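Structure first, commentary second.
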2 protein chains.
Amino acid sequence: MLKCAHFGTFESKSMKIATWNVNSFNVRHEQVMDWLHTHSPDVLVLQELKMEQDKFPAAALNMMGWQTAWSGQKTYNGVAIISRHAIENVQMGLPQMPDDPQRRVIAATINGVRVIDVYCVNGEALDSEKFVYKRQWFAALTHFVREQMAQYPELVLLGDFNIAPADDDVYDPVKWHEKIHCSSEERSWFKALLDLGLCDSLRQIHPTGAHYTWFDYRGGMFPKGLGLRIDHILVSAALKARLRDVQVDLKTRANERPSDHAPVFALFD
Amino acid sequence: MLKCAHFGTFESKSMKIATWNVNSFNVRHEQVMDWLHTHSPDVLVLQELKMEQDKFPAAALNMMGWQTAWSGQKTYNGVAIISRHAIENVQMGLPQMPDDPQRRVIAATINGVRVIDVYCVNGEALDSEKFVYKRQWFAALTHFVREQMAQYPELVLLGDFNIAPADDDVYDPVKWHEKIHCSSEERSWFKALLDLGLCDSLRQIHPTGAHYTWFDYRGGMFPKGLGLRIDHILVSAALKARLRDVQVDLKTRANERPSDHAPVFALFD
DNA sequence: GTGTGCGTTG
DNA sequence: CAACGCACAC
């Protein structure tokens with residue numbers, strides 16, 4: 001934002017918005033600081049903090065000029081928004097699941113953009129009890145996002161969706177056929193979100209090709225380039241009009257003690 | 001060793017011999033590699049590998065030009081000899097305790113010097129069952145060293161003795177009076193080793209003063225300089241004649257994720 | 001494979 | 001405070 005004496009306040013609005021499942025903010029704290037310094041985003045949202053609410057290093061981030069909002073718990077889940085700009089109207093959880101103790105959703109308005117950070121349920125396997133929860137949770141998410149879209153023309157829904165939307169997003173679609181993350185039912189949930197009027201920003205910019213965001217620690221999948229695209233940045237029509245680029249930051253996945261997810265970021269005019 | 005065309009093979013014999021309780025070689029592997037690179041000893045002996053026998057990274061060490069001999073086990077104990085020179089006549093355990101499963105002793109001949117690496121029993125407390133084992137173990141060690149001294153004029157007995165030989169070796173002798181590591185009975189066992197004809201090399205070079213080698217992780221003892229001298233390098237008369245210096249490497253104790261013990265090294269002509 | 005907590009040891 | 005094993009999650 002530039003303040004000009006003669007022309008009043010001029011909003012440049014240009015924004016860089018990023019998402020990263022850090023798989024423990026305790027462990028990845030320094031890497032997040034490095035990433036903020038190197039990539040200088042307007043907004044970075046995190047998932048899988050695995051950190052208690054009162055252990056979040058808000059003061060250290062504030063000292064570096066960052067605003068923060070977060071929802072943490074011990075061991076599991078946990079989401080955060082880190083922003084160079086003011087964070088307004090923070091909302092946590094899904095209205096349809098008021099008693100869910102799992103910290104998976106945080107939403108806030110930044111520069112007039114509604115940012116909804118999600119760590120979607122993994123689900124383990126199609127025949128798991130956790131898959132039932134995943135189904136219910138995505139229904140509640142869809143309901144929440146529909147309601148938010150009615151209020152905020154400029155909206156971005158981003159995070160770890162634990163769904164690979166198409167076979168292009170899977171290193172071995174035959175092996176993963178109707179497996180967790182790749183089943184047609186999960187893909188129908190993802191499509192239901194798009195049907196609200198959201199656009200899969202990565203596919204808008206890169207209609208084809210492998211742009212994996214997650215690589216299993218097991219079996220050295222990252223060096224082999226074998227992953228899934230399960231981290232997404234979905235944007236409303238108003239934001240889609242401003243979309244200029246989307247990238248998966250594989251360099252960070254190659255770090256010394258990496259998260260199993262790579263950051264993904266989008267650039268807007 | 002210098003090879004001279006006109007005068008034949010000339011043995012410089014100058015040696016640097018070091019000991020370090022690494023408190024898990026799994027965790028300290030990289031620090032050990034760094035230490036070898038920085039200090040370039042002739043021999044480094046380790047204690048508390050806490051590593052299974054077949055997990056020892058012998059190949060990696062060989063590639064860096066080091067010879068190795070080790071005796072490992074899961075979780076507890078474990079000793080190793082790392083040498084720039086050939087390692088001969090390797091012996092493990094104490095002859096008087098043939099059935100002891102605890103890996104605490106490894107001996108070998110290097111450059112004509114008998115090197116005996118020991119991780120002596122901790123003992124927990126004077127009224128503990130483990131103290132009975134410590135007593136028995138030191139008797140067996142003394143017997144073994146007597147036998148070895150008869151065979152090898154140049155001998156060094158080094159490692160973690162878990163005994164602070166005198167009040168000078170204790171940051172708070174009153175608090176530690178007749179406590180584990182500092183009791184008169186344990187000190188008598190240490191003296192029994194010296195009485196075989198061994199010399200406490202550190203006290204030979206530095207007759208007085210604090211030269212602590214172990215600092216409890218608990219209560220931030222290292223920054224306060226509060227420790228015990230329980231890691232020792234004892235030398236036979238023939239080696240004592242060649243002794244030039246002994247130092248405790250406190251810089252390594254100040255490492256990022258340190259062992260609770262500092263390395264100790266001795267220089268010989 | 002790399003995180004988490006817990007209970008145990010030094 | 002920092003190793004360990006164990007059980008569990010992803």
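Below, chains carry the letters A, B, ... as their sequence lines are ordered, and counting in each starts from 1. Below, each value reflects all heavy atoms present in this structure, side chains not excepted, and no hydrogens, waters or symmetry copies. None of these values were measured; they are calculated from a predicted model.
The salt bridge (Lys or Arg N to Asp or Glu O under 4.0 Å) check on Lys191(B) picks up Asp195(B), with sequence neighbours excluded. Residues that satisfy the salt bridge (Lys or Arg N to Asp or Glu O under 4.0 Å) test with Arg187(A), not counting sequence neighbours, are Asp167(A). In this view, Asp260(B) satisfies the salt bridge (Lys or Arg N to Asp or Glu O under 4.0 Å) rule with no residue, not counting sequence neighbours. Looking at residues two or more places apart in sequence or on another chain, you find no side chain to side chain donor-acceptor pair (under 3.5 Å) involving Tyr76(B).
Applying the salt bridge (charged side-chain N to carboxylate O under 4.0 Å, His left out) test to pairs two or more places apart or on separate chains, none has a residue in residues 70-81 of chain B.
Atom C1' of nucleotide dT9(C) and atom CZ of Phe131(B) are separated by 19 Å, given to the nearest angstrom. Protein atom CZ of Arg253(B) is 12 Å distant from nucleotide atom P of dC1(D), rounded to whole Å.
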Requested in this report: Would you mind building the protein contact string for nucleotides 2-10 of chain D? One character per nucleotide, 5' to 3', B for base within reach (heavy atoms under 4.0 Å), S for sugar-phosphate only, - for untouched.
Outcome: SSSS---SB
